[in-house]
Amino acid sequence: MQDTRAYNEYDRYLSPLDVWAIAFGCTIGWGAFMMPGSTFLPVAGPLGTAIAMAISVLIVLVIGANFSYLMKHRPGTGGVYAYTKAAFGRDHAFLCAWFLCLSYLTVVFMNATSLFLVIRTVFGRSLQYGYYYYNIAGNDIFMGEVGASIIALAGVGLLFINAKPLLQRLHTVLAVILLAGVLLIATVCLPHLRLDLLKEGFGSQGGSSALGVFSIVMLAPWAFVGFEVISLETAHFDFKIHKSRRLIVASILLSGLVYIALTLVSVCAAPDGYASWQAYIADLGNQTDSLAAVPTFFAAKSVMGTFGLLVIAVAALAAILTGMIAAYRATTRVLSTMAEDRILSKKFSETTYSILFIMVVSIIISIFGRNALQCFMELTSFGAIVGFGYTSASAWKLARETGNRTVKATGAVGTIASVAFGVVQLIPKLTAVETMGSDAFLLLSLWCLLGFLFYLRTVVRSDAVGTSGSSTSSVVIFALLLYSVLMWLGMRLSASESVQAVRETLRYEGTLMFAVIFIALCVMLYIQRLVQKKHEALTRELSRATQAGPDEASSDEGTAG
């Protein structure tokens, strides 16, 4: 779906700095401050993480080249959906947009639920108040902490509706503050890094150094998801689209720099009683001091004092808010694009309706607390992988048609890399990092089921030509659903500690699995039957038109005689 609408000068309000801020701000979130201690250092260490991030940057730059090529040749607000539809048809475009929408929506509420983590890290348990607290999945959730997330989600949403220009300026300022804050922390802290620590540069969890580096590289879709959201905004650039390539490169390079810098900062200091960064990182789970539980914050405070803590706290808050704002924007664009193509209700083409929908859904989900939402974060990567893969394949196809060998090569590399990311994401234990847990597989299967229902709506409202390829799409969705729900049940069974627990799992989780598969199978068969009827009707109409053609011609000739 190439956007052919005319845009006047007032629609073109995004400067190069604004566009960079959207890409960079959406890429860097709370994870950049938390993951060095929780994942990067235990798995690959400081040197291994730096190597892995450098490799990841190279891979993502190739994928970014595919985006910039398509942004130039297929401008508009459709983004990945438009690229995929032009290359492979509406059914594949739906698949791509459906999973990418989940990724962007997840970024919205996961960043919002990170706000209280920053406050807890700096101020301790000050927000753990309220009329009561409740427990979900073994996690205590306080209304004061949930309230901070709700205020942020509602505030950003209302600003989008009532003061979008102000919000855009705020987003750009926050992105600059984020980058400046990280660079300041790194400039002051890194001279305190002992170079001999880099000789011990790989992880402390065991396993080979190569496995550690490979494991972090496979997190690239999670680490860099967001730079591509600017492809949804090309109609609003106030500069030539070809300049966006440099902005994509800048956002990716600076994002990689931020991840490396914060990882190295994390090993610049350790609390008393720890002989090495390995000992400190290995004992993070036992830290009772909220500040020491986040090595990036602890190092900034240890080296720079209270000022350092203030700088890194402001930078983290800026990262959270820029991620929320950009993901709000991207989710709205994707919903609007699908609505314009009659996949979703036409109401989603209205910005206010989409913003309110995102706001309400995010607020409801945030009530469950961040710890209960980790499965959503694991799916962020999956949506990014689907988007990266389809974009790279679309770029390859267009480049093949136009004879562009360079983009044909980058498209092939991006597609292969995305397939590799997808395999690692969906098959457990291929890396030292658990890419998807049992809850994430269940959520993925339910998202596929929901996608079936929306796709049914699309098929019902489409003509026979519009349903071309629907059989393939429904089979793909069903296969992914079946795999996901079986993996979920298998992981639940493997975690059972007794025969009785296995029986209970089969009784309840097995029943749920059967229900999900049965509903999906019924919907898929109905879609297949509906598509078949539409094509049979089209065939009959074409047959009648062909048979009527010679008769009408003879009649015309007789009239002329």
Side-chain angles (χ1 to χ4, degrees), residues 3 5-26 29-30 76-79 101 104-116 118-119 144-178 226 229-238 314 317-340 344-367:
D3 197 334
R5 291 174 296 178
Y7 292 87
N8 58 47
E9 60 180 330
Y10 299 105
D11 292 314
R12 302 185 181 278
Y13 54 86
L14 294 176
S15 69
L17 180 61
D18 294 330
V19 173
W20 167 82
I22 293 172
F24 177 73
C26 194
W30 168 246
T77 57
C101 185
Y104 293 151
L105 183 60
T106 299
V107 171
V108 173
F109 59 74
M110 290 304 291
N111 271 298
T113 54
S114 298
L115 277 172
F116 77 84
V118 177
I119 299 173
E145 294 181 339
V146 171
S149 302
I150 293 175
I151 291 173
L153 287 167
V156 171
L158 293 176
L159 282 175
F160 247 119
I161 294 172
N162 299 305
K164 188 175 179 179
L166 172 62
L167 189 65
Q168 178 59 53
R169 298 282 82 76
L170 175 63
H171 183 274
T172 302
V173 171
L174 288 172
V176 173
I177 290 174
L178 164 60
V229 300
I230 64 173
S231 65
L232 298 163
E233 302 289 345
T234 54
H236 304 297
F237 291 180
D238 69 356
V314 170
L317 288 172
I320 290 170
L321 290 174
T322 54
M324 282 181 59
I325 295 169
Y328 246 114
R329 187 184 199 117
T331 309
T332 302
R333 293 288 190 220
V334 174
L335 293 175
S336 174
T337 300
M338 288 195 288
E340 290 170 3
L344 300 179
S345 169
K346 194 173 182 179
K347 292 181 179 179
F348 283 100
S349 61
E350 303 170 8
T351 300
T352 299
Y353 185 89
S354 291
I355 291 293
L356 290 175
F357 173 80
I358 297 166
M359 183 198 308
V360 171
V361 170
S362 298
I363 287 174
I364 292 173
I365 293 176
S366 67
I367 292 175

Could you check if a side-chain atom of [X] sits within less than 4.5 angstrom of a side-chain atom of [Y], using non-hydrogen atoms only?
| X | Y | result |
| --- | --- | --- |
| Val360 | Phe357 | no |
| Arg329 | Glu233 | yes |
| Pro16 | Asp238 | yes |
| Gln168 | Leu14 | yes |
| Ile161 | Leu356 | yes |
| Ile364 | Phe109 | no |

Report yes or no: does [X] contribute a side-chain atom to a donor-acceptor pair with the main-chain N or O of [Y] at less than 3.5 Å?
| X | Y | answer |
| --- | --- | --- |
| His236 | Tyr13 | no |
| Ser354 | Phe348 | yes |
| Ser366 | Ile363 | yes |
| Ser362 | Met359 | no |
| Ser349 | Glu340 | no |

Any idea how Tyr328 and Phe160 line up, ring-wise: parallel (<30°), tilted (30 to 60°), or perpendicular (>60°)?
tilted
Can you tell which of Val229, Leu232, Thr172 makes a side chain to side chain contact (heavy atoms under 4.5 Å, CB included) with Ile22?
Val229
Of all heavy-atom pairs between [X] and [Y], which one has the smallest distance, and what is that distance?
| X | Y | result |
| --- | --- | --- |
| Asn111 | Met324 | CB-CG, 3.5 Å |
| Leu115 | Ala148 | CD1-O, 3.9 Å |
| Cys101 | Thr331 | SG-CG2, 4.1 Å |
| Cys26 | Ala326 | CB-CB, 3.4 Å |
| Gly157 | Ile355 | O-CG2, 3.4 Å |

Return the [atom1] to [atom2] distance between [X] and [Y], rounded to the nearest 0.5 Å.
| X | Y | atom1 | atom2 | value |
| --- | --- | --- | --- | --- |
| Leu167 | Ile325 | CG | CD1 | 4.5 Å |
| Met110 | Ile320 | CE | CD1 | 11.0 Å |
| Leu335 | Tyr353 | CG | OH | 10.0 Å |
| Leu321 | Trp30 | CG | CH2 | 13.0 Å |
| Ile358 | Thr332 | CD1 | OG1 | 3.5 Å |
| Ile150 | Ile367 | CD1 | CD1 | 5.0 Å |

Selection residues 155-173 - residue pairs positive for salt bridge (Lys or Arg N to Asp or Glu O under 4.0 Å), sequence neighbours left out:
Asp18-Arg169
